[in-house]
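The sequence lines fix the lettering, A, B, ..., with proteins before strands; numbering per chain opens at 1. A quick note: this is a predicted structure, and the numbers were derived from the prediction, not measured.
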Amino acid sequence: MNFISIHKSILALAILGVVSCKPNIDVTGPKKGSADFNRYIAIGNSLTAGYADGGLYLDGQKNSYPEMIAAQIKMVGGGSFATPFFPAAQSNGSGYLKLTGLTDGVPTIVPETSNLAIRGQVDGSNLYTRFAGDIENFGVPGIKLIHANVVGYGRLNSYFERLLTDVTVNTRTYLDFATAKPWTFFSLWLGNNDILGYASAGAAADAPTPKATFSSAYQAVVTKLVSTGAKGVVATIPDVTNTAYFRTVTLKSLLTAVNATQAGALIKEIYIQPGSGPVRSATAEDLFTLPLSAANLIGSAPNGIPYGLHPANPVESRFVLDKNEVTTVNDYIQSYNTTIKIIAEANNLAIMDAYSLLNEYASGKSANGIPISAAFIQGNLFSLDGIHLSQLGYAITANGFIEAINAKYGSTIPIVDVSKYHGVKLP
Amino acid sequence: MKIKLLCILLIIPALGFSQSFQVNLQGQKQTAMAGAGTGLALDEAAVFFNPGAVSFLRQNGVQAGAHGILLKTAFREKGSQLTQYNKNNVPTPVAVYAVFGAPNKRLRFGIGVYTPFGGAMHWDEDWTGKYSVTALDLHAIYIQPTLSLKLTDNIGLGAGLVYALGKVDLKRALPYTNNGIQTTAQLKGNAKDFGWNAGIFIKTVSGVSVGVTHRSQVTARLEDGDANFFNVAASVAPSLPKKFSATLPLPATSTIGFGFYPSEKTTIAFDVNWVWWHTYKDLTFHYDNGTSTPSARNYHDAATFRLGVQNITSSFLTLRAGLGYALSPVKEGYVTPEVPDADRLLLSAGVGLNPSERFSIDFSFLYENIKSRTEQNIETGLNGTFKTVAYIPGVALSYKF
């Protein structure tokens, strides 16, 4: 063996060494399966828009679950995906809630009011900076399922209005607008607001969409979305009563706070005005809303009768989802979800069971070592409004969609790394 | 050696352990024979492998050796297409032994300094398992003065006192940010504890030699360790601790080993280790603010099988090789990224050179292939596949007197 061949052998062995020194985990590359992800459109409400912390703002828009899904499906043939972002100079969009203090677990929450994208007001509602480009993320905060085919809905919803022009605002329905250009794949997560407005107002405002109306409206939307042969994924309605919005202010926390004061040391009852029937003392099955905490009313007595502590001045119905109302809300959600599943199965669509997924995490579960629960701020799942998800919550949701799509269409879209996302930003 | 060195320079590996965080690299000759040697009176490393065999060593001597552990772990999260690797880090556990006393007398003395437990696992700061661990440096150095008594010409007893110096440095990310920068924690502490190592060595009439040893558990008690936090949001800072304590069992190991001598020049060693891992039930950090973070481990006892052969080819050259299999003590659902353990295959080889009668130099090379393991951790929910390989070259110098 001459000198050169020795060196060649050493080189060969070294290359072999480099290859063999690194362990391999076999991966089958990402596949699209039987679906066509060329143009993915996302149909939905605030959750789809990336709404968080009580507002729609650029950082939330960038971390919406459709943006996350779109980034992942680019690996299996997904095309460009546009969200109607607020301009960078108006990145705070509608404004949102910020946590500026957290002392002994008591949060100080203030609204962000700089760099807003407000271009004017109409009838006391803000109008937002318009967006004119191509759109794939059609998430519109506030929209109900039953609004999808309402002509001129843009006049009722500024988040939809900002996507339209002065002409189309009067002529377009939401669904026509979203389906104006050809699509090959869709996600559909509508229906939350058909119960949310009622529930979040303590059943004292708004009304749930009647079950039959929901069913026919859902059928109409799905029929339109599959009409071109597109495949898609639909999501069920989460359990709104199992959110930080309804699980932070509790009978126990109210009594603890009252008992800590000198005057209230002996108080044992909190009185509520239920949706129907006479004033009564609250039980653990009555859910108080998060705004009751911010309202800071308990025990205040401008008329001499302490709020919530005396039957003559009970906690108002708008702050309480009483036991019967909880039952009503859950009954509607179950019915809506049954409808969603039946229609999805009839149309051979993938189903992301958001109800089960979010309940699983809301009850307490670790994701890659991050503790997650429905707890306000500390639970990492919900944003500061207590209902909309944190970016981490949206990442978990995105993976729920991806797994549902993969299971249905035989695709292997890679999941999102949830470790890269955060819960509420701490001051 | 050029090839080995190239491999060392070119690859990018990290941690070191041989069964979970146990390290079995206490002698170059034994490493070259897959870690077998309890049933032999081979060299000064008998202080570790079998104190009972020390009195059977023909000469006194001193040896010092070190291994470089090149270890590469890959992780792929379930459902992801991305394989993540641990970072560059080469721990070099050292083993030093000396044996004194008159070789023709019954009582001999020995001292050993070695590293039976350790690990170095470093991941990227932003990797998927960052809330479990980003870096772990752990080692326990044992200092063991030893007495060995040749009871009869065929039976030797030996025992040593172990003084263990433990050190741990654990880093991980916390699920908070401060102005967008990840909050991280570091737990750093030391422990000083005692244990023992005892063995019996028997040369049977059939010519087979047998060794039985037990190395006791050392319970490393970390007191007053530093809990450091970085990039902490102001609202979180007041609730964080400054100090921690923890207890980490460094488990007992019982071994039976056999020596076979098919020819004057050939020795075969076979060892079975039983490591009493079941005492590692949890790793709980107790903090000075009254909180604690319990983390279940629930290890079970596990065996390792080691077969080695040595051939004295000439007065100058000795060749060695070995084969072993280690069963993992880690149950399903408890694999963690600081010690992504699984059953492992050991392949080893080595050469011994004797340039003079008194002086010798031994090289060893150990390859460990840790089986791929796919599961979800019960506590963290981290779900994916770990695969690890290790390349462990080593060298020792010894001098007989």
Side-chain angles (χ1 to χ4, degrees), chain A residues 6-7 9-30 59 72 75-76 99-105 107-108 361 365-372 377-378 380 392 399 402-403 406 412-427, chain B residues 2-4 6-13 70 72-83 85 126-133 172-180 182-183 232-236 238-239 367 369-370 372 374 377-389 391:
Chain A
I6 289 172
H7 271 76
S9 314
I10 289 173
L11 190 67
L13 277 164
I15 291 165
L16 201 69
V18 173
V19 173
S20 64
C21 287
K22 215 173 179 183
N24 268 319
I25 297 172
D26 290 337
V27 191
T28 50
D59 193 38
Q72 299 307 100
M75 290 177 242
V76 292
L99 187 63
T100 57
L102 190 62
T103 312
D104 299 326
T108 309
Y361 281 94
K365 187 176 174 175
S366 182
N368 291 357
I370 311 167
I372 294 172
I377 298 171
Q378 266 86 8
N380 289 317
L392 178 58
N399 282 347
I402 288 169
E403 280 160 18
N406 286 343
T412 51
I413 304 165
I415 59 161
V416 174
D417 184 352
V418 298
S419 308
K420 303 273 192 286
Y421 295 89
H422 59 76
V424 169
K425 282 184 185 165
L426 299 179
Chain B
K2 249 185 183 170
I3 295 162
K4 270 190 214 166
L6 262 167
C7 200
I8 297 165
L9 294 171
L10 288 170
I11 63 175
I12 321 156
L70 317 174
K72 197 72 191 160
T73 295
F75 174 74
R76 187 166 63 84
E77 191 181 12
K78 187 179 173 242
S80 171
Q81 293 284 329
L82 191 71
T83 301
Y85 292 95
D126 197 31
W127 86 291
T128 301
K130 64 186 171 183
Y131 298 114
S132 298
V133 65
R172 63 159 62 146
L174 297 181
Y176 309 111
T177 55
N178 184 28
N179 292 323
Q182 184 78 51
T183 305
V232 180
S235 65
V236 178
S239 63
Y367 167 73
N369 190 317
I370 294 105
S372 146
T374 302
N377 184 276
I378 287 169
E379 181 187 332
T380 62
L382 188 67
N383 194 356
T385 304
F386 286 103
K387 171 70 188 171
T388 302
V389 290
Y391 302 83

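You'll find the side chain of Ile415(A) reaches within 4.5 Å of the side chain of Glu77(B), heavy atoms only.
In terms of heavy-atom pairs under 4.5 Å with chain B, the best-connected choice from Pro371(A), Ala367(A), Pro414(A) is Pro414(A). Put simply, of Phe75(B), Tyr85(B), Tyr176(B), the one with the most heavy-atom pairs under 4.5 Å next to chain A is Tyr85(B). In terms of heavy-atom pairs under 4.5 angstrom with chain B, the leader among Asn406(A), Asn380(A), Leu102(A), Asp417(A) is Asp417(A).
The parts of Thr128(B) that come within reach of chain A are both its backbone and its side chain, each placing non-hydrogen atoms under 4.5 angstrom from that chain. Contact annotation for Lys387(B): both backbone and side-chain heavy atoms come within less than 4.5 Å of a heavy atom of chain A. Neither the backbone nor the side chain of Asp59(A) has a heavy atom closer than 4.5 Å to any heavy atom of chain B. Using a 4.5 Å cut-off between heavy atoms, Ile402(A) makes no contact with chain B at all. In this structure, no portion of Gln182(B) lies under 4.5 Å from any heavy atom of chain A.
Distance CD1/Ile25(A) to CZ/Arg76(B): 6.5 Å, rounded to 0.5 Å. From Trp127(B), atom CH2 reaches atom NZ of Lys420(A) across 10.0 Å, with rounding to the nearest 0.5 Å. With rounding to the nearest 0.5 angstrom, the CG atom of Leu426(A) is 11.0 Å from the CG atom of Asn179(B). The CG atom of Leu382(B) sits 7.0 Å away from the OG atom of Ser419(A) when rounded to the nearest 0.5 Å. Distance CG/Asn368(A) to OG/Ser132(B): 7.5 Å, rounded to 0.5 Å.
Of all heavy-atom pairs spanning Ala233(B) and Pro427(A), the tightest one is CB-O, 3.2 Å. Residues Thr412(A) and Gln81(B) share a closest heavy-atom pair of O-NE2, 3.9 Å.
Under the side chain to side chain donor-acceptor pair (under 3.5 Å) criterion, Ser235(B) pairs with no residue at all, not counting sequence neighbours. Evaluation of the side chain to side chain donor-acceptor pair (under 3.5 Å) rule for Thr374(B) yields Thr385(B) as partners, not counting sequence neighbours.
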